[in-house]
There are 2 protein chains.
Amino acid sequence: MDIKEYPKPAVTVDIIIFTVINNNLKVLLIKRGLEPFKGKWALPGGFVRIDESLENAAKRELVEETGVKDVYLEQLYTFGEPKRDPRMRVITISYFALINSKNIELKPQTDAYDVNWFDAYETPDLAFDHKKILEYALQRLKWKLEYTTVGFKLLPKRFTLGQIQNLYEIIFNRRFDKRNFRKKVLSLGLIEKTSEKTKNVAHRPAALYSFKKKMGEIIEII
Amino acid sequence: MDIKEYPKPAVTVDIIIFTVINNNLKVLLIKRGLEPFKGKWALPGGFVRIDESLENAAKRELVEETGVKDVYLEQLYTFGEPKRDPRMRVITISYFALINSKNIELKPQTDAYDVNWFDAYETPDLAFDHKKILEYALQRLKWKLEYTTVGFKLLPKRFTLGQIQNLYEIIFNRRFDKRNFRKKVLSLGLIEKTSEKTKNVAHRPAALYSFKKKMGEIIEII
DNA sequence: TCAAAAGTGTTGTGTGTACACCCATGT
DNA sequence: ACATGGGTGTACACACAACACTTTTGA
């Protein structure tokens with residue numbers, strides 16, 4: 001039997017883009033302008049072009065929506081239930097991205113459709129099976145933060161130890177002991193104190209830290 | 001633009017089926033009977049039917065090749081480089097399966113093409129990018145054994161502590177301390193000693209262990 | 001002066017690792 | 001008798017968790 005005889009599913013990529021804004025974990029969603037699920041919020045994504053790699057498709061979507069390039073991006077999972085899209089068989093390869101909010105140039109104003117950041121744990125109803133995909137991504141995010149240091153990608157270039165701890169507390173939804181947390185983070189040897197401190201804060205200023213060079217490889221230990 | 005205008009990639013599943021035979025980690029390969037890569041060994045797999053889920057496609061392939069149903073099966077990764085198949089754009093969702101060799105009814109004899117178990121670390125050249133996929137699977141396998149207990153799926157119903165240790169030593173390619181290993185395994189509380197012992201062995205007989213009931217949930221802790 | 005986050009050490013508990021000898025059986 | 005894997009306990013190092021008070025700033 002010739003392979004061309006098989007009817008082919010459509011193939012898309014969807015991206016779960018996380019960032020931290022105002023000490024809250026946010027995810028980027030797009031309001032659909034077309035049926036099906038017109039008017040519902042959905043993960044950004046689109047069809048994979050016939051001659052581009054899956055990762056490039058994801059990067060392309062990412063750039064289109066946020067304007068950022070240098071982000072942490074990894075394949076998450078492939079969802080392919082036959083009825084997940086009412087129109088036709090669609091298989092989607094999901095990617096998840098971590099970006100720090102300073103790098104973002106959202107372009108919601110310039111476009112007809114709405115693009116917005118939502119609290120990752122309190123999104124509206126999502127189109128397709130995107131709720132399930134988001135939950136899967138949140139699970140992976142927790143896992144990644146527990147066993148790797150990729151979470152640091154969510155931070156700006158200069159940050160305080162308090163900001164890291166906040167980040168972890170948001171994502172794990174629990175408190176950590178300040179002394180133990182700082183000890184642990186510093187013992188990793190990935191960051192170093194700069195000579196600067198926070199300014200205009202209504203409390204004791206905090207030392208600003210930055211990543212040591214060559215974080216790239218170390219970050220991907222798993 | 002209508003979605004039907006996009007040329008669609010073909011979608012397949014490939015399965016990395018691991019088992020342990022004679023204290024060696026084995027992977028199931030099939031010799032290709034058609035071009036491209038005719039005569040080369042490859043991972044079992046095939047096209048996803050338009051109305052079946054990805055996991056069902058993987059299960060179908062698994063049953064077709066090995067006759068087994070009750071196995072550990074999980075999605076591994078999706079490979080989609082544009083040129084990975086010389087004929088056309090093919091995206092493959094890989095799955096990896098752990099089965100214990102007692103359950104297998106290989107059907108290589110009845111088929112025209114060859115099916116065989118190979119040492120997972122010493123396979124011949126593989127078709128397509130299957131070498132890369134296999135290496136990815138081996139990496140995941142190590143990881144799974146380190147952080148979960150799914151590796152026990154590779155064992156028969158009754159087994160000795162030495163067999164578990166062998167399994168781990170094969171996969172990690174290093175030796176473990178016998179006392180520490182046994183302590184660790186027993187402390188998990190997942191297995192219990194049966195009243196039986198091994199027979200006809202040229203050394204002191206070993207106690208046979210079996211899984212406690214309700215292993216199902218515990219096994220999937222991550 | 002008050003609120004709010006920054007900053008700082010010690011102690012106990014549990015987990016992983018290193019290590020050596022006798023036992024039961026088949027040949 | 002000997003070869004082979006089965007079976008067992010202790011001691012040290014290290015990572016993690018619990019815990020409270022002083023400091024510096026803006027309002």
Side-chain angles (χ1 to χ4, degrees), chain A residues 20 22-24 142-143 145-149 151 155-156 158-210 218 221-222, chain B residues 20-24 142-143 145-149 151 155-156 158-210 221-222:
Chain A
V20 171
N22 298 331
N23 278 342
N24 277 103
K142 279 184 201 171
W143 187 88
L145 262 68
E146 191 156 355
Y147 294 104
T148 78
T149 56
L155 297 168
R158 302 288 174 99
F159 49 87
T160 67
L161 295 179
Q163 278 177 284
I164 308 184
Q165 185 168 349
N166 258 314
L167 172 63
Y168 275 74
E169 290 181 343
I170 291 159
I171 291 168
F172 287 101
N173 195 31
R174 72 183 197 84
R175 307 274 299 162
F176 295 96
D177 178 82
K178 201 202 307 182
R179 280 169 292 190
N180 293 335
F181 190 89
R182 297 161 78 94
K183 222 181 306 171
K184 179 74 185 301
V185 169
L186 290 173
S187 75
L188 294 173
L190 299 176
I191 64 175
E192 56 195 355
K193 204 183 278 197
T194 68
S195 57
E196 293 175 272
K197 288 182 180 295
T198 52
K199 289 276 178 197
N200 301 320
V201 286
H203 53 78
R204 177 171 174 178
L208 285 166
Y209 286 77
S210 68
I218 303 170
I221 45 174
I222 295 206
Chain B
V20 171
I21 300 173
N22 298 332
N23 278 342
N24 277 104
K142 280 183 201 169
W143 186 87
L145 261 67
E146 190 157 355
Y147 293 104
T148 76
T149 56
L155 298 169
R158 302 288 173 98
F159 49 87
T160 68
L161 294 180
Q163 279 178 283
I164 307 184
Q165 187 169 346
N166 257 315
L167 171 62
Y168 275 74
E169 290 181 344
I170 291 160
I171 291 169
F172 286 101
N173 195 31
R174 72 182 198 86
R175 308 273 301 164
F176 295 96
D177 178 83
K178 202 202 305 183
R179 280 168 293 191
N180 293 336
F181 190 88
R182 297 161 79 93
K183 223 181 304 170
K184 179 74 183 302
V185 168
L186 291 172
S187 76
L188 294 172
L190 299 176
I191 63 175
E192 56 195 356
K193 204 183 278 197
T194 68
S195 56
E196 293 174 271
K197 288 183 182 297
T198 51
K199 289 277 179 196
N200 303 320
V201 285
H203 53 77
R204 177 171 173 178
L208 285 166
Y209 287 77
S210 68
I221 46 175
I222 293 205

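Chain naming here is simple, since letters A, B, ... match the order of the sequence lines and numbering starts at 1 in each.
- For A/F159, the ring-ring contact (aromatic ring centres under 6.0 Å, His included) test picks out A/F211, with sequence neighbours left out.
- Judged as a salt bridge (charged side-chain N to carboxylate O under 4.0 Å, His left out), the pairs with a partner in residues 190-205 of chain B (not counting sequence neighbours) are, in order, B/R158-B/E196, B/E192-B/K213.
- Proximity of residues 160-176 of chain A to DNA chain D (heavy atom under 4.0 angstrom from any strand atom) is not detected for any residue.
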Under a 4.0 Å heavy-atom criterion, the protein footprint on nucleotides 22-27 of chain D, written with B, S and -, is -BBBS-
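- Rounded to an integer number of Å, the gap from CD of A/E146 to C1' of D/dC16 is 13 Å.
- Counting only residues at least two apart or on different chains, the salt bridge (charged side-chain N to carboxylate O under 4.0 Å, His left out) pairs with a member in residues 162-172 of chain A are A/E169-A/R175.
- The side-chain contact (heavy atoms from CB on, under 4.5 Å) test applied to A/I170 returns A/N23, A/L25, not counting sequence neighbours.
- Taking only distance into account, the side chain of B/K178 meets the base of D/dG7 through a donor-acceptor pair shorter than 3.5 Å.
- The shortest distance between side-chain heavy atoms of B/L186 and B/L161 falls below 4.5 Å.
- Checked by atom type and distance alone, the side chain of B/N22 never pairs as donor or acceptor with a backbone atom of B/N24 at under 3.5 Å.
- A/Y209 meets the ring-ring contact (aromatic ring centres under 6.0 Å, His included) test with no other residue; sequence neighbours excluded.
- For the pair A/R174 and A/F176, the minimum side-chain heavy-atom distance is below 4.5 Å.
- For A/F181 and D/dA18, the CZ to C1' distance is 17 Å, given to the nearest whole Å.
- The outermost nucleotides of DNA chain C lying under 4.0 Å from heavy atoms of chain A, listed 5' to 3', are C/dA3 to C/dT10.
- Residues satisfying the side-chain contact (heavy atoms from CB on, under 4.5 Å) test with B/K142, not counting sequence neighbours, are B/Y121, B/I171, B/F172.
- In this structure, B/R182 reaches the D/dG7 phosphate: one of its side-chain N or O atoms is under 4.0 Å from OP1 or OP2.
- Residues passing the side-chain contact (heavy atoms from CB on, under 4.5 Å) test with B/K183 are B/N180, sequence neighbours excluded.
- Each of A/K183 and B/D177 has a nearest nucleotide on DNA chain D; the 5'-most of these lies closest to B/D177.
- Across all non-hydrogen atoms, the minimal contact from B/L145 to B/G151 is CD1-CA, 3.6 Å.
- Atom NZ in A/K184 sits roughly 13 Å away from atom C1' in D/dC14 (whole-Å rounding).
- The separation between B/N180 atom CG and D/dT8 atom P is 14 Å, rounded to whole Å.
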